[in-house]
Amino acid sequence: MIEIKALTVKYTGRKRPVLRDLSLEVRKGETLLILGPSGSGKSSLALTLNGLIPHSIGEVLAGSVRVAGLDTQQHPVAELAQKAGILFQDPDAQFATLKVEDEVAFGLENLGVDPAVMDARIEQALAQVGMPAARRRAVAELSGGEKQRVALAALLAMQPELLVFDEPTANLDSMGTQQVFALLAQFKARGQHTLVLIEHKLDELMHLVDRVVVLDDEGRIFADGGPRELFDEHGEKLQRLGVWMPQVCVLAHALRARGVHMRPFPITLGETVKALEPALTGASSRNGQHPNRSGPAERGLEPPVFEVRDLSFNYGSLPALHGAALRVEAGDFLAIVGPNGAGKSTLAKHLIGLIKPPAGTVFFEGRDLNQIPPKLLASRAAYVFQNPEHQFVTEKVADEVAYGLRVTGMAEEEASSRSADLLEMFGLARYAKANPFTLSHGEKRRLSVAAMLAMDQGVLILDEPTFGQDERNAATLMSLLQALRAKGKTIVMITHDMRLVAEYATRVAVMLNGRVVFHGEPATMFAQTELMASARLNLPPLARLAALLSTRRPELSGCAKLEDFLHLEYRVAGRQGVEI
Amino acid sequence: MKNKPTAAWSTRDLLITIVIGLAFGVLLVPVTYVYGLMLAAGILARAVLSGVYFLPAAFAAYVVRKPGAILLVSVTSALVVLPFGYGFIVLVIGALTGLVGELVTWLFTRYVNFGLGRFVLAGAVGGVIEFLLILASLRTSQFDLGLVTLAVLVSALTFAICTAVAKYLADAVARTGVLANTALGKANADEI
Amino acid sequence: MRTIYFEGHSFLHRLNPLSKFSVSLLLFGFMLLTTDPWTPLAFCVLILALMVSLGGFSLRRLLAVLWPMLLFALVFFLLYPFLVRQSLVQDTPLLLELGPLRMYQGGLAYGLATSLRVLALLILSLPFSLTTDSADFIRSLVQQWRLPYRLGYSTLAAFRFVPMLRTELSVIGAAHRVRGVNGAHGLRGAAERMRRYAVPLLANAIRQAERTALAMDGRAFGASPQRTYFQRMRFSAADWVFIFGMLGLSALLLLGLNALGLLGPLAFLQIL
Ligand SMILES: Nc1ncnc2c1ncn2[C@@H]1O[C@H](COP(=O)(O)OP(=O)(O)OP(=O)(O)O)[C@@H](O)[C@H]1O
Ligand SMILES: Nc1ncnc2c1ncn2[C@@H]1O[C@H](COP(=O)(O)OP(=O)(O)OP(=O)(O)O)[C@@H](O)[C@H]1O
Ligand SMILES: [Mg+2]
Ligand SMILES: [Mg+2]
């Protein structure tokens with residue numbers, strides 16, 4: 001289906017090629033997963049498959065790409081579009097028209113298909129993605145997951161044999177992600193298409209993948225093979241490269257380091273359960289203590305950092321908050337979760353006075369927020385917006401950090417030395433002179449946090465800081481936040497990523513319909529299946545594993561961290577660990 | 001790589017150009033709050049305003065460097081920016097600004113040479129032409145000559161300033177790297 | 001187009017967008033020439049009657065759309081008499097004197113005529129803009145008036161960004177506020193402030209535009225000079241009836257006004 005020979009690709013304006021000497025063959029019907037660190041060229045590789053490279057962007061310096069027998073350099077995109085379709089990451093950036101049926105018809109019209117047969121093809125394509133009733137709906141009013149499904153239908157109408165998915169769930173909440181994954185599974189089961197996936201949320205789709213190709217930072221193929229062998233053999237190297245593996249594979253490697261070998265090497269949840277269950281059955285559970293329960297925190301001595309009492313708010317006539325209440329204690333790492341539109345951002349905006357709360361509803365360190373001058377509040381609490389670029393106000397990275405200091409009237413020298421320190425801490429020192437907009441996603445994010453923290457505020461509020469970011473960037477940011485928390489800062493973070501909640505948060509608040517419906521420890525939340533379902537939250541992979549294994553080991557109930565599994569005792573036969 | 005202006009429009013060129021118009025339209029909306037009052041306040045205010053509405057045109061001229069881009073940007077930004085944007089007045093005003101922009105850009109830069117002096121001069125001349133056209137559409141006999149002359153000068157000055165500001169903004173946007181695929185990006189292409 | 005489109009299935013809704021567009025544009029052009037207050041007033045009434053009878057709009061709904069225009073016209077009416085050149089109206093009776101400001105009857109008449117004309121110019125576009133789906137308009141521009149389809153559909157795709165751009169601008173404002181951005185003064189300050197808002201807004205919009213362009217190219221957009229259309233826009237008998245009906249009615253209206261001696265002289269192009 002795909003035949004790539006010694007391909008080297010470069011973008012205009014770039015010295016270094018994005019893809020180098022890359023060769024790859026994919027058989028018809030195969031499902032290929034492409035992994036690689038951010039900027040390794042995964043998306044670029046996708047663009048070569050339907051001829052957008054070189055016809056619309058970039059240039060092919062050497063080599064060739066054949067898709068379904070067509071040389072992509074010789075054949076126009078119109079012809080290739082009927083062989084290969086790409087579903088992109090941003091659901092909003094791939095529509096050309098305003099209505100669902102027009103959108104699906106768009107490709108057919110471009111191909112010059114006879115209007116008489118279009119109707120049937122539109123019908124069929126929408127049925128294939130499970131949205132037969134949506135024909136006359138406006139694209140703008142669809143949810144993220146529905147948008148991706150319609151975008152896929154628009155590709156399917158052109159009847160491609162190869163479907164490429166370039167991080168289709170990166171901008172979706174958990175429900176949208178589930179919709180897209182379910183669709184992927186259907187397509188795999190139907191077996192009519194060759195699928196190429198670029199994804200970060202691996203645990204949910206490992207059972208679909210036949211083969212994995214890993215790109216390195218230089219745009220070369222680093223590894224290529226079946227998922228099991230690849231994650232088994234190259235696990236460490238992949239982690240060093242910054243490529244993410246399914247969490248169960250990470251777990252398997254961590255256990256292996258402790259002498260517990262699972263055979264066969266598991267790549268799905270089911271396989272892991274099967275492998276671990278027998279090893280857990282016989283073994284005694286160590287002092288029966290919950291591995292992840294820190295002792296009760298000392299509370300109540302100081303006033304809480306934030307206290308929200310019975311806060312309601314409407315945008316015009318549209319209610320966004322409805323009697324929300326919340327306490328944030330000093331030193332918390334609080335995650336606020338909940339479905340789209342639950343009111344998370346609106347609540348956070350009240351905390352920092354971006355929306356002025358009515359008197360008696362929001363308190364900061366015991367004082368009514370209304371009575372705190374904005375300048376004072378800004379020097380105590382920082383707010384980081386979702387898109388880092390929105391907060392940039394200067395043209396140099398160093399100035400960006402120093403800006404917040406200069407507006408407070410700090411002496412020039414002190415400001416620049418302090419900003420240099422911050423850049424060092426956030427790993428940005430070598431970009432001091434660069435334009436903030438030219439940084440990579442992860443660097444931009446870190447810069448925006450560094451810039452906000454210039455005044456050394458004690459509280460940091462972040463609205464979906466990892467949205468659209470890859471896992472490596474997310475992890476770097478999270479460890480930074482943890483370091484800040486260790487220094488005594490309080491962190492409030494809105495997020496959709498349950499894995500981050502599991503690994504990093506000490507407290508979690510669940511919002512639903514403008515209310516805080518749960519506030520407590522993540523483990524408690526994970527253990528409440530009904531709550532999770534009603535707030536449309538998904539358990540992260542390891543939490544699901546823990547839930548499945550908790551019949552054998554009750555102390556695993558609610559666990560979600562890697563560590564939790566490492567502290568367990570496994571039934572070990574033989575001296576140097578077992579194969580289980 | 002030496003840049004030659006090409007007349008061919010790719011989908012990307014089209015979308016970028018239109019979006020520039022839309023973004024400026026949204027940016028300039030606050031300006032229009034004063035619009036209604038200023039309109040009544042006489043021709044001097046009008047001279048200043050039409051200069052501000054020339055910003056997107058000058059930006060597009062400098063960035064896209066293709067015949068037609070200025071007209072397209074002016075019309076799209078007018079549709080977004082003007083109050084009652086669904087009326088026809090906006091089309092007329094947008095098209096007028098666009099056509100004047102195309103004319104002076106062609107005259108002074110040939111869509112290739114965008115040195116500051118040359119470009120700003122083009123803007124100033126555009127200001128004079130556009131204002132004379134607007135005057136022709138008003139009952140000029142109502143105003144005395146001194147005021148009209150002053151207004152023409154003001155118009156030339158604001159157009160010149162806005163052209164310079166547009167260039168300043170475009171260079172700032174270019175430094176972010178997003179204009180790499182436009183004529184401006186290619187013109188100062190040092191590969192990174 | 002900025003859409004204030006109200007979905008519906010009335011006679012007006014079903015017409016070809018171009019017939020509504022042409023009629024509105026013609027009347028608009030004519031309205032630019034009028035100088036008396038009665039002609040615009042008559043046309044305002046005609047158009048509103050058309051919207052109610054053939055467009056299925058209730059007066060209430062129309063009023064909801066109209067009030068900003070009415071307000072605009074009112075402000076215009078109140079200010080104009082003070083701004084018109086005094087020598088033109090000096091010999092008419094003085095109505096009001098507020099310090100240096102004088103309102104003459106002649107000035108009031110000018111104000112009335114001008115504000116009604118402005119109102120009419122705005123109202124004239126309503127039959128088109130309230131009943132036309134912008135996608136249909138572009139479609140018929142492309143299919144009937146031979147607008148290059150790549151231009152038409154690119155415009156349609158790009159206009160979807162407008163709401164996003166609006167929200168983004170307000171988010172940028174808030175984001176700068178929490179950073180304690182303070183406004184510098186003077187021309188440099190203004191340019192600087194403009195840059196702070198414009199750069200993130202444009203950078204994001206342009207990136208998004210590039211992505212959309214790739215997605216469209218990936219679906220064979222612009223691949224061939226010809227394309228087919230799922231929805232064909234047509235000119236039907238109803239369109240001709242509408243066009244000639246409106247022109248006929250307008251002619252009758254003008255004749256009537258003339259007979260009553262209310263039609264003033266026509267003057268070349270006085271936009272406002
Ligand atoms: N249109 C473009 N013009 C110039 N350079 C580009 C363009 N698109 C991507 N690049 C550069 O090419 C490199 C590879 O980008 P690509 O998007 O293919 O990576 P990726 O593996 O998909 O990364 P991510 O995981 O962040 O999506 C990056 O350095 C990127 O900055
Ligand atoms: N500026 C606004 N104007 C009008 N309505 C708004 C505005 N911002 C948010 N809303 C609405 O208020 C409700 C709550 O929005 P909010 O942004 O707080 O939700 P959220 O939980 O942050 O959702 P998400 O996960 O999508 O970010 C939603 O229904 C949303 O559509
Ligand atoms: Mg990518
Ligand atoms: Mg939000």
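None of these values were measured; they are calculated from a predicted model.
- Residue A/Ser448: no heavy atom, backbone or side chain, is found under 4.5 Å from chain C.
- Under a cut-off of 6.0 angstrom, the local environment of NZ in A/Lys99 is sparse, with at most 12 non-hydrogen atoms contributed by other residues, nucleotides or ligands.
- With a threshold of 4.5 angstrom between heavy atoms, C/Arg139 approaches chain A through side-chain atoms but not through N, CA, C or O.
- Note: C/Leu48 CG to C/Leu66 CG = 6.0 Å, rounded to the nearest 0.5 Å.
- With respect to chain C, the highest number of heavy-atom pairs below 4.5 Å among A/Thr97, A/Asp102, A/Asp114 belongs to A/Asp102.
- Across A/Val139, A/Leu80, A/Ile122, the residue that shares the most heavy-atom pairs under 4.5 angstrom with chain C is A/Ile122.
- Top candidate by heavy-atom pairs under 4.5 Å with chain C, chosen from A/Lys375, A/Gln386, A/Glu101, A/His55, is A/Glu101.
- With respect to the salt-bridge test (charged N to carboxylate O, under 4.0 angstrom), the residues C/Glu210 and C/Arg207 do not qualify.
- At most 12 non-hydrogen atoms from other residues, nucleotides or ligands lie less than 6.0 angstrom from CH2 of C/Trp240.
- Interface residue C/Arg179: backbone and side-chain heavy atoms are both found under 4.5 Å from chain A.
- Under the 3.5 Å distance criterion, with hydrogens and angles disregarded, a donor-acceptor pair is assigned to the side chains of A/Gln148 and A/Gln94.
- We find that C/Arg219 and A/Glu103 are joined by a salt bridge, their nearest charged nitrogen and carboxylate oxygen being less than 4.0 Å apart.
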Query - Verdict with supporting geometry, A/Gln391 and A/Leu447, side-chain contact (heavy atoms from CB on, under 4.5 Å) - result: CA-CA 10 Å; A/Gln391 272 178 309; A/Leu447 175 61; over 6 Å; no

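- Interface remark: C/Ala174 contributes backbone and side-chain atoms alike to the contact with chain A (heavy atom separation under 4.5 Å).
- At a 4.5 Å heavy-atom cutoff, the contact between A/Ile57 and chain C is made by side-chain atoms alone.
- Annotation: maximal heavy-atom pairing with chain C below 4.5 Å, among A/Leu87, A/Leu111, A/Ile352, A/Leu98, occurs at A/Leu98.
- Neither the backbone nor the side chain of A/Ala381 comes within contact range of chain C, judged by heavy atoms closer than 4.5 Å.
- When each of C/Ala215, C/Ala220, C/Gly222, C/Pro163 is scored by its heavy-atom pairs under 4.5 Å with chain A, the top score falls to C/Ala220.
- Most heavy-atom pairs under 4.5 Å with chain C, from the set A/Ala451, A/Pro374, A/Ala116, A/Ala378: that is A/Ala451.
- Ranked by heavy-atom pairs shorter than 4.5 Å toward chain C, the options A/Ala93, A/Pro115, A/Gly107 are led by A/Ala93.
- In summary, the side chains of C/Ser19 and C/Asp239 do present a donor paired with an acceptor at a separation below 3.5 Å, with no hydrogens or angles considered.
- Comparing C/Gln226, C/Arg177, C/Met164, C/Gln231 by how many heavy-atom pairs each has under 4.5 Å with chain A, the most go to C/Gln231.
- In this structure, A/Asp399 pairs ionically with A/Arg406, as a charged nitrogen and a carboxylate oxygen lie closer than 4.0 Å.
- Contacts between A/Phe95 and chain C at a heavy-atom distance below 4.5 Å involve backbone atoms as well as side-chain atoms.
- Highest contact tally toward chain A, considering only C/Ala175, C/Pro200, C/Ala209, C/Ala223, is held by C/Ala175 [criterion: heavy-atom pairs under 4.5 Å].
- Under the 3.5 Å distance criterion, with hydrogens and angles disregarded, no donor-acceptor pair is assigned to the side chains of C/Glu168 and A/Asn387.
- In this structure, C/Phe221 has its ring center closer than 6.0 angstrom to the ring center of A/Phe106.
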Query - side-chain contact (heavy atoms from CB on, under 4.5 Å) assessment of C/Phe235 paired with C/Leu18 - result: CA-CA 9 Å; C/Phe235 250 74; C/Leu18 296 180; 4.1 Å; yes

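- With a 4.5 angstrom heavy-atom cutoff, A/Ala96 touches chain C via backbone and side-chain atoms both.
- Residue contact with chain A, scored on non-hydrogen atoms closer than 4.5 Å, is absent for C/Arg232.
- For A/Leu47, the part lying under 4.5 angstrom from a heavy atom of chain C is the side chain only.
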